Amino acid sequence: GIKPGWHYFGRKMDVADFEWAMWFTSFRNVILFALSGHVLFAKLCSMMVPQHRSVVYMLYGILAVLGTMGSTYLMIILSHCVVLYSVSLAKQKWLCFVSGLCSLASFKLEPFSTWQSGFVTGTFDLQDVLFYGGSGFTIMRCMSFALENCERKEGNYSIFNLLKYNFYLPFFFFGPVMTFDRFHTQVGTSELRRKGDEMWNIRVQAVVHLGAIVVVDIFFHFFYILTLPSDIKFMNQLSDWALAGLAYSNLVYDWVKAAVMFGVINTFSRLDHLDPPQPPKCITMLYVFAETHFDRGINDWLCRYVYDYIGGEHKNILKELLATIATFLVTTLWLGPCEIVYIWSICNCFGLNFELWVQTFFGLKPFASIEGSLSEAMSRRIRGFFGAVNFWAIVLYNILALNSLDFALLVSERILFTGFPISTLSIWFITYCGVQLIKEREHLPCCHLPTLPPPAPLN
């Protein structure tokens with residue numbers, strides 16, 4: 001995972017994360033060129049024929065996909081779109097869902113995946129990433145379209161609406177997923193007006209993302225946090241604190257990566273007058289499983305069509321159990337079924353349900369009356385005690401997918417058993433202080449930082 005980096009300073013670079021290296025090193029210029037072309041054509045269209053901008057987005061997206069992946073790949077994508085559109089005309093949600101999952105499975109399971117990818121000829125390094133990325137997100141968008149079409153009381157959306165939705169280039173290969181109802185409403189607006197400080201905020205966000213890219217690049221040349229966990233023999237020589245810090249820093253990096261990658265795409269989509277899914281919540285601010293996600297687009301999709309649809313108000317334990325199982329089954333298929341994904345899904349499904357069981361248990365009359373007699377501050381302190389335990393459960397469950405099962409087991413063993421009681425209690429206490437600080441920050445309305453004002457116009 002280490003390759004030559006800044007030879008001027010004699011530093012090598014951690015390139016264990018293929019996605020980051022692809023985005024900001026290997027294919028940076030290609031990605032920027034394609035997105036910049038989209039922005040140029042979109043700007044010309046919004047100035048000349050704003051009522052037809054969605055058509056221009058679609059045509060540019062189709063041409064970009066055709067030029068990048070070839071006509072065979074385009075025909076594969078179009079065939080899946082046509083099939084799922086035809087199914088949506090029956091207006092049966094279960095049929096749309098089953099058909100969509102079958103289409104998704106055809107890209108995630110063998111031998112169907114290899115069979116379809118075999119039609120696409122080419123040897124460039126990005127081909128597999130673009131093939132599976134574009135295909136997976138296409139199916140999720142088609143399922144959203146089909147399910148929203150079922151909700152429509154009169155008539156059906158046209159297949160033209162589906163193509164405009166699917167071939168919006170900034171979202172096509174790498175996401176995020178915006179549900180069809182939101183995209184259709186926003187892209188159908190012909191009156192393109194911006195608020196006074198909107199362009200200023202877009203510029204600020206672009207500068208922040210650029211700064212984050214530079215910081216991560218510096219970090220990769222001095223701290224090899226992604227490569228180190230693969231050397232278990234070396235990991236055994238580290239202290240309990242170093243292991244805990246390494247596990248935590250891996251999750252922080254993954255959040256930064258998601259925030260930056262989706263943030264860059266979202267910046268381009270905001271220039272098109274869209275309101276894309278927000279970046280994920282900072283991992284340091286998470287102490288409940290219900291808010292844990294790294295891709296808010298997929299999270300919104302799952303909540304709308306699976307989790308909230310089955311779970312309702314999420315107060316019934318049985319419904320919640322069915323909702324979480326169904327959600328993580330779809331998530332497992334989306335990520336690609338394999339042993340580590342199975343373990344990750346089971347752990348997070350258990351964590352989400354256990355959270356509800358604990359809340360339900362302590363919501364019973366004796367405990368509720370005791371908490372009612374306490375001050376709000378004391379109640380937050382007690383909840384912070386459980387939040388600190390939850391925080392490390394989230395960390396340990398998710399480094400399974402980010403690193404390896406061996407590394408997750410090593411960190412768990414060192415924190416919970418080998419390091420008990422000194423390391424265990426000290427790490428828990430520091431985490432408790434952090435969770436308590438977060439809860440106090442969320443409680444105080446004055447803690448929210450104001451947005452930067454736009455600069456005054458020059459006279």
Side-chain angles (χ1 to χ4, degrees), residues 45 49-59 61-62 77-107 134-172 175-192 269 272-278 295-314 319 322-323 326-327 329-331 333-334:
C45 178
V49 281
Q51 67 275 19
H52 299 302
R53 63 191 180 111
S54 59
V55 179
V56 175
Y57 297 162
M58 179 193 69
L59 293 176
I62 291 176
I77 294 297
L78 288 173
S79 65
H80 282 275
C81 290
V82 170
V83 169
L84 291 176
Y85 175 77
S86 302
V87 172
S88 72
L89 298 179
K91 295 212 170 189
Q92 298 292 326
K93 285 188 175 181
W94 69 269
L95 185 59
C96 294
F97 217 89
V98 170
S99 302
L101 293 179
C102 289
S103 291
L104 184 61
S106 70
F107 289 107
S135 304
F137 281 112
T138 289
I139 301 305
M140 300 302 275
R141 284 187 289 263
C142 287
M143 289 177 69
S144 176
F145 172 87
L147 293 169
E148 294 296 336
N149 191 61
C150 293
E151 290 288 337
R152 190 173 187 179
K153 296 181 179 179
E154 297 182 2
N156 297 286
Y157 292 109
S158 69
I159 193 171
F160 201 48
N161 294 128
L162 174 58
L163 297 180
K164 288 190 289 186
Y165 172 48
N166 185 58
F167 285 100
Y168 178 68
L169 184 63
F171 295 163
F172 183 82
V177 174
M178 180 188 287
T179 55
F180 175 75
D181 58 318
R182 292 183 57 198
F183 181 87
H184 183 68
T185 301
Q186 294 176 26
V187 83
T189 303
S190 57
E191 296 183 5
L192 306 179
S269 64
D272 294 333
H273 301 268
L274 298 181
D275 182 20
Q278 297 299 309
D295 183 342
R296 195 181 292 268
I298 291 294
N299 182 75
D300 292 345
W301 191 100
L302 289 169
C303 287
R304 180 174 178 83
Y305 301 119
V306 185
Y307 186 58
D308 292 339
Y309 181 76
I310 299 175
E313 296 181 356
H314 304 291
K319 279 188 175 183
L322 293 174
T327 300
L329 284 175
V330 176
T331 306
L333 182 60
W334 163 252

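It should be emphasised that the depicted structure is a prediction, and the values quoted were computed from it without experimental measurement.
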Taking the side chain as every heavy atom from C-beta outward, state whether C96 and C150 have any pair of such atoms under 4.5 Å apart. yes
Interatomic distance, I139 atom CD1 to C102 atom SG [nearest 0.5 angstrom]: 10.5 Å
Can you sort out the partners of S144 under side-chain hydrogen bond (donor to acceptor under 3.5 Å, both in side chains), two or more places apart, ordered by chain and number? Y305
Which heavy-atom pair separates L104 from M140 by the least distance, and what is that distance? CD2-SD, 4.2 Å
Supply the atom-to-atom distance Y85 OH to N166 CG, rounded to the nearest 0.5 angstrom. 14.5 Å
Which pair of heavy atoms, one from C81 and one from T138, lies closest together, and at what distance? SG-CG2, 4.0 Å
List in chain and number order the residues that pass side chain to side chain contact (heavy atoms under 4.5 Å, CB included) with D295, two or more places apart in sequence or in another chain; answer none if no residue qualifies. P176, F262, I298
Of all heavy-atom pairs linking A90 and L95, the shortest is CB-CD2, 4.2 Å
Here's a test for you: under side-chain contact (heavy atoms from CB on, under 4.5 Å), which of Y168, F160, F167 qualifies with K164? F160
For the CZ atom of R152 and the OH atom of Y157, what is their distance to the nearest 0.5 Å? 5.0 Å
Could you tell me if the ring centre of F172 sits under 6.0 Å from that of F137? no
With under 30° as parallel and over 60° as perpendicular, where do the rings of F180 and Y165 fit, or are they tilted in between? perpendicular
Would you kindly say whether S158 and N161 are connected by a side-chain donor-acceptor distance under 3.5 Å? yes
Nearest heavy-atom pair of P276 and M178: which atoms, and what distance? CA-CE, 3.4 Å
Just by modelled atom types, is the R296 backbone N or O under 3.5 Å from a matching donor or acceptor in the Q278 side chain? no
Heavy-atom nearest pair, S99 first then V87, reads OG-CG1, 3.6 Å
How many angstroms lie between atom SG of C45 and atom CD of Q51, to the nearest 0.5 angstrom? 8.0 Å
How would you list, by chain and number, every residue that makes a side-chain hydrogen bond (donor to acceptor under 3.5 Å, both in side chains) with K91, sequence neighbours excluded? none
